[in-house]
Every structure is written in structure tokens, then in C-alpha cells.
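Here the structure comes first, spelled out in C-alpha cells, and everything after it is commentary.
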Amino acid sequence: MDEAIKLLREQAVLCSRLTELLDKLTDSLKNFTHDTSGIVQQIDPLVADLSKNSTRTQDFLKAANFNTFGEFINAADDGVQKDVAGRLLKQVVNLQEKLAGKMKIAAGVLVNGANFVNFNLNVLSQTSASPTYGAEAQTATNANRRIFDANV
């Protein structure tokens, strides 16, 4: 049970730190600050550590002949360690759900940022689309292009 508690505690710490860094990354992307690369450099080793923890967890559960920590904890004898492990498991599950939500938000911000950059590049390069916006963009035409057309 000590090994399970150790693994769960490590997961909780890593997930909470990743959640904090994803919040910082999202704010950095939204506000166009220059901290983004530094935050990503902080995230990378944490993701590697979480992957190592996941591998150790799978090895531990396989050796104990269980599929999940929930099954392992439920099969354990009642005691203080079982209660601690149960609380840690609930905390880890909550943190993982929160982390997944933060990752979706960060991914959405990245997509919006990429779309913003593409739009601005198209405006600067004077790329025009079809009148119905259904066709692929065309370049190098002799048409008179204007960003704001009063004739529309």
C-alpha cells in the first residue's frame, strides 16, 4: 500500500503543477506575452515525469494483478493507509479532470491564435477568396482588393 500511496501522491503533485502551468500558458497566449517558451520548457519535464509515473503505476498494478487503483484500494484491508489512498485517488481523479479541461482550453487558444495569424497574413499578402468564401484562396490576381469595400 505504501507504493500505491507514493505513486498517487506523485501523480497529484505533477497534475497540480501542470494545471498551474497550463493556466500560465493560456494567459500568456491570450495576452501575447513572451513567457510562452519558458512555460513550455517548464511543462516538458513534468510531462516526462508524469509519463514515467504512469509506466511505474501500470507495472505496479500489473504485479498486483489489478487493472486500476480503485480495484486495488477496494481489495485492501481497512485501515488508515486505505483511507489515505482513497482520498489521494479521488484527488488525482479530480486533478486529471481539471487538467484535461485546461488542456482543451489551451488547445482552443492555440487554434484561435493560429487563425488570427493566418488572417493577418492573408490581409498583409492581399490574398482574396471567392465572393462566397467557398473556394480556395487565390493570389496574384489583378483585381482591386480592399479591406473595407463601400460598394458591398
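The figures that follow rest on heavy atoms only: side chains count, while hydrogens, waters and symmetry mates do not.
Residue pairs meeting the salt bridge (charged side-chain N to carboxylate O under 4.0 Å, His left out) criterion with at least one partner in residues 44-65, sequence neighbours excluded, are E10-R56. Screening residues 84-104 for side-chain hydrogen bond (donor to acceptor under 3.5 Å, both in side chains) gives D23-K102 as the qualifying pairs, with residues at least two apart or on separate chains. Residue pairs that meet the ring pair (Phe, Tyr, Trp, His ring centres under 6.0 Å) test with at least one member in residues 74-111, sequence neighbours left out, do not exist here. Identified under the ring pair (Phe, Tyr, Trp, His ring centres under 6.0 Å) test for residues 85-114, with sequence neighbours left out: none. Listed by first and then second residue, the salt bridge (charged side-chain N to carboxylate O under 4.0 Å, His left out) pairs involving residues 106-121 amount to none (not counting sequence neighbours).
With T19 contributing its side chain and C15 its backbone, the two residues share a donor-acceptor pair below 3.5 Å.
The hydrophobic side chain of V111 is isolated, with no ILVMFWY side chain under 4.5 Å apart from it. Under a 4.5 Å side-chain heavy-atom cut-off, the cluster of Ile, Leu, Val, Met, Phe, Trp and Tyr residues that includes M1 is completed by I5, L7, L8, F60, L61, F66, F69, F72, I73, V80, V84, L88, L89, V92, V93.
R9 meets the salt bridge (charged side-chain N to carboxylate O under 4.0 Å, His left out) test with no other residue; sequence neighbours excluded. Here T57 pairs with Q11, N53 under the side chain to side chain donor-acceptor pair (under 3.5 Å) rule; sequence neighbours left out. The salt bridge (charged side-chain N to carboxylate O under 4.0 Å, His left out) check on E20 picks up R17, with sequence neighbours excluded. A search for side chain to side chain donor-acceptor pair (under 3.5 Å) contacts involving N65 returns nothing, not counting sequence neighbours.
Both L21 and L99 sit in one connected hydrophobic cluster of ILVMFWY residues. Membership requires side-chain heavy atoms under 4.5 Å apart, directly or through other members. Under the 4.5 Å side-chain heavy-atom criterion for Ile, Leu, Val, Met, Phe, Trp and Tyr, V13 and L50 are members of distinct hydrophobic clusters. No chain of hydrophobic side-chain contacts below 4.5 Å, direct or via other Ile, Leu, Val, Met, Phe, Trp or Tyr residues, connects L25 to F116. Linking ILVMFWY side-chain heavy atoms closer than 4.5 Å, directly or via other members, places V47 and L95 in two distinct hydrophobic clusters.
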For residues 31-41, please give each side-chain donor-acceptor pair under 3.5 Å, one per line with the distance, not counting sequence neighbours.
unit_1: N31; atom_1: ND2; unit_2: D27; atom_2: O; d: 3.1
unit_1: T33; atom_1: OG1; unit_2: S28; atom_2: OG; d: 2.7
unit_1: T36; atom_1: OG1; unit_2: S28; atom_2: OG; d: 2.7

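Contact detail for N67 and E71: the closest heavy-atom pair is N-OE1, 3.1 Å. Between K82 and D78, the shortest heavy-atom contact is NZ-OD1, 3.2 Å.
By the 4.5 Å heavy-atom criterion applied to side chains, L22 and M103 are counted as neighbours.
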